[in-house]
Amino acid sequence: MTNTVELEIAIIRAGLRKKQVAEALGITKEGLRLKMNNKTEFTASEIATLYKLLNLNFESQQKIFFTQSVE
């Protein structure tokens with residue numbers, strides 16, 4: 001599951017807007033919203049793109065994309 005709050009924080013820290021993130025992933029803003037809200041899953045290549053785009057360290061990547069449950 002994706003930790004939506006942590007991903008939103010990472011996007012803000014990177015100084016980006018969700019539209020820019022969606023464009024970098026090659027998806028629509030709506031597609032990004034579905035992924036961020038766990039309606040669809042991020043692919044491995046999308047996670048790799050976000051890792052670079054958002055300048056995530058390994059711990060942040062794990063916390064955002066590989067959390068077991070989101071409260």
Side-chain angles (χ1 to χ4, degrees):
M1 294 188 97
T2 301
N3 186 324
T4 304
V5 173
E6 291 296 328
L7 180 52
E8 288 183 358
I9 290 169
I11 291 169
I12 291 167
R13 284 187 181 146
L16 298 171
R17 294 184 163 273
K18 290 179 187 170
K19 182 177 180 178
Q20 294 169 302
V21 174
E23 288 172 356
L25 295 175
I27 61 175
T28 64
K29 191 175 173 186
E30 175 64 13
L32 178 61
R33 186 189 68 75
L34 291 172
K35 290 173 184 284
M36 289 182 68
N37 291 313
N38 294 298
K39 303 296 182 194
T40 60
E41 294 183 2
F42 283 99
T43 65
S45 62
E46 289 169 338
I47 292 171
T49 298
L50 288 170
Y51 182 80
K52 293 175 187 171
L53 182 69
L54 303 177
N55 196 31
L56 300 174
N57 61 31
F58 181 77
E59 182 180 323
S60 294
Q61 180 187 20
Q62 297 298 305
K63 191 175 187 181
I64 293 170
F65 298 108
F66 301 105
T67 187
Q68 294 300 314
S69 64
V70 179
E71 297 180 34

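The figures here come from the full heavy-atom set of this structure, side chains too, leaving out hydrogens, waters and symmetry mates. FYI, the numbering just counts along the sequence from 1.
Within 6.0 Å of atom CD in Glu41, 12 or fewer heavy atoms from other residues, nucleotides or ligands are found, so the atom counts as exposed in its surroundings.
Side-chain contact between Phe65 and Leu56: present, with at least one pair of heavy atoms (C-beta onward) separated by less than 4.5 Å. Residues Glu30 and Arg33 meet the side-chain proximity criterion, which asks for heavy atoms closer than 4.5 Å. Put simply, the side chain of Ile11 reaches to within 4.5 Å of the side chain of Met36, judged on heavy atoms.
Shown here are the ring pair (Phe, Tyr, Trp, His ring centres under 6.0 Å) partners of Tyr51, two or more places apart in sequence or in another chain: there are none. Under the rule for a salt bridge (charged side-chain N to carboxylate O under 4.0 Å, His left out), the partners of Glu8 that lie at least two apart in sequence or sit in another chain are Lys18. For Arg13, the side chain to side chain donor-acceptor pair (under 3.5 Å) criterion is met by no residue, not counting sequence neighbours.
Hydrophobic clustering, with ILVMFWY side chains joined whenever heavy atoms are under 4.5 angstrom apart, groups Leu54 together with Phe66.
Atoms CG and CG, on Leu16 and Leu50 in that order, are 10.0 Å from each other to the nearest 0.5 Å. Taking CD1 from Ile9 and OG1 from Thr4, the interatomic distance works out to 11.0 Å, rounded to the nearest 0.5 Å. To the nearest 0.5 Å, the span separating NZ on Lys52 from CD1 on Ile47 amounts to 13.5 Å. Rounding to the nearest 0.5 angstrom, the gap separating the OG1 atom in Thr40 from the CD1 atom in Ile27 is 7.5 Å.
Residues Ala24 and Thr49 come closest through the heavy atom pair O-CG2, 4.0 Å. Nearest heavy atom pair, residue Ala22 against residue Thr28, reads CB-O, 3.6 Å.
Looking at Asn37, its side chain never comes within 3.5 Å of a backbone N or O of Lys39 through a donor-acceptor pair.
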Ile64 vs Phe42, side-chain contact (heavy atoms from CB on, under 4.5 Å): CA-CA, chis, key distance, verdict: CA-CA 11 Å; Ile64 293 170; Phe42 283 99; over 6 Å; no
Residues Leu25, Lys35; criterion side-chain contact (heavy atoms from CB on, under 4.5 Å); working and verdict: CA-CA 11 Å; Leu25 295 175; Lys35 290 173 184 284; 5.6 Å; no
